[in-house]
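First up is the structure itself, then whatever we jot down about it.
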Amino acid sequence: MLADLLALACGSLVGFSLALIGGGGSILATPMLLYVVGLHDPHLAIGTSAVAVASNAFINLVPHARAGHVRWPAALTFAATGVLGAFAGSTLGKRVDGHHLLVLFAMLMLVVAALMLHGRRNAAGGSYPKPRLFPRLAATGFGAGALSGFFGIGGGFLIVPGLIFASGMEIIAAIGSSLVAVGAFASTTAINYAASGLVEWRVAGLFVAGGIAGGWLGARLASRLARTRGALNLVFAVAVVVVAGYMLVRNLHV
């Protein structure tokens with residue numbers, strides 16, 4: 001019973017993060033599954049989190065879509081090419097030690113945080129759409145998908161800045177649009193891991209259930225923060241740094 005309650009609570013935090021900043025789902029879910037819920041195999045935690053994050057991403061897409069925060073042509077193009085990258089990356093990632101994967105991704109997260117803080121001055125409005133929009137989206141999507149699959153994550157921390165870089169859309173639109181790609185990438189990773197028996201389905205279901213309430217709350221808060229220049233960029237970057245630091249501390253001592 002305690003493990004079930006912990007899974008529900010952790011799922012709520014994952015859903016809240018996905019809806020608020022478009023990322024943090026798997027990066028939060030994987031360490032929570034390992035250190036809070038009690039799964040002991042990093043690859044099992046990665047596969048289980050991928051199922052939960054894919055489901056929560058698609059559920060949390062609904063309030064963002066209703067609020068007009070999704071740029072559908074850009075989101076679908078980014079997701080379509082990213083799925084190919086996610087399949088290749090997740091196939092390779094299963095062969096690498098799980099703790100090493102988390103350390104490498106934590107380092108990448110710090111780079112992403114620095115880039116997001118650097119671009120904070122331009123957060124209120126972008127230059128959407130940029131020239132040669134769809135080739136840029138396709139190339140960036142494939143790269144983000146490959147990294148997402150390799151590290152066994154939904155990839156929101158990569159997808160949000162990737163969408164901004166490739167298309168010039170404002171951050172609230174990038175967050176809403178990112179959930180299309182997060183769901184697609186995580187689904188690809190989940191299917192690949194499930195084929196190897198690396199999913200704890202009961203825990204994944206509890207995560208999804210908890211994520212519904214957290215996701216709707218996160219979407220409402222994201223809409224409010226979007227009215228303040230640079231606020232979401234700052235929240236995004238701070239969240240990345242905090243989680244990356246936690247991951248490095250935990251995994252460098254393994």
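Heavy-atom basis, side chains included; hydrogens, waters and symmetry copies ignored.
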Can you list, by chain and residue number, the hydrophobic cluster partners of I191 when the side-chain cut-off is 4.5 Å? none
Nearest atoms (heavy-atom pairs only) where L110 meets A244: CD2-CB, 3.7 Å
Please tell me if the side chains of L34 and D41 come closer than 4.5 Å, counting only heavy atoms from C-beta onward. no
Is the backbone of T188 close enough, under 3.5 Å, to the side chain of N192 for a donor and an acceptor to pair up by distance? no
So do L133 and T77 actually touch side chain to side chain, heavy atoms under 4.5 Å? no
For H43 and G93 the tightest heavy-atom approach is NE2-O, 3.6 Å
Pairwise side-chain contact, V180 with F78, heavy-atom cut-off 4.5 Å (strictly under): no
Pick one: which of V160, L61, I159, V62 meets side chain to side chain contact (heavy atoms under 4.5 Å, CB included) with L179? L61
Whether Y35 and Y246 hold their rings parallel, tilted or perpendicular, with breakpoints at 30° and 60°: perpendicular
Verify, without hydrogens or angle tests, whether S177 (side chain) and R71 (backbone) share a donor-acceptor contact under 3.5 angstrom. yes
Report yes or no: do F185 and W72 belong to one cluster of Ile/Leu/Val/Met/Phe/Trp/Tyr joined by side chain heavy-atom distances under 4.5 Å? yes
For the CG atom of L104 and the CG atom of L147, what is their distance to the nearest 0.5 Å? 10.5 Å
Student check: side-chain heavy atoms of E200 and R202 closer than 4.5 Å: yes
If you take all heavy atoms of L39 and A45, which pair is closest and at what distance? CD1-CA, 4.2 Å
Ignoring hydrogens and angles, tell me if any N or O in the side chain of S167 forms a donor-acceptor pair with the backbone of M169 under 3.5 Å. yes
Using the rule that two of Ile, Leu, Val, Met, Phe, Trp, Tyr join whenever any of their side-chain heavy atoms come within less than 4.5 Å, decide whether I212 and V51 are in one cluster. no
For the OG atom of S55 and the CG atom of N60, what is their distance to the nearest 0.5 Å? 10.5 Å
Please check this pair: side chain of S90 against backbone of T189, looking for a donor-acceptor N/O pair closer than 3.5 Å. no
Any side-chain heavy atom of F207 within less than 4.5 Å of one from V53? no
Nearest heavy atoms of N56 and G11, plus distance in Å: ND2-O, 4.3 Å
Quick check: do L158 and S148 have side-chain heavy atoms less than 4.5 Å from each other? yes
Determine, for F165 and R136, whether the Lys NZ or Arg CZ falls below 6.0 Å from the six-membered ring centre while staying within 45 degrees of the axis. yes
Does the side chain of L163 come within less than 4.5 Å of L137's, by heavy atoms? yes
Taking every heavy atom of A184 against every heavy atom of A79, the minimum-distance pair comes out as CB-CB, 4.1 Å
Kindly work out whether a path of hydrophobic side-chain contacts (I/L/V/M/F/W/Y, heavy atoms less than 4.5 Å apart) joins Y193 to L44. yes
Side-chain heavy atoms nearer than 4.5 Å, only ILVMFWY residues, links allowed to pass through others: does that put F142 and F150 together? no
Do V208 and F58 share a hydrophobic cluster (ILVMFWY, side-chain heavy atoms under 4.5 Å, transitive)? no
Looking at every non-hydrogen atom in both residues, tell me the closest pair between V37 and C10 and how far apart they are. CG2-SG, 4.5 Å
Does any part of the side chain of I46, heavy atoms only, come nearer than 4.5 Å to the side chain of L198, both counted from C-beta? no
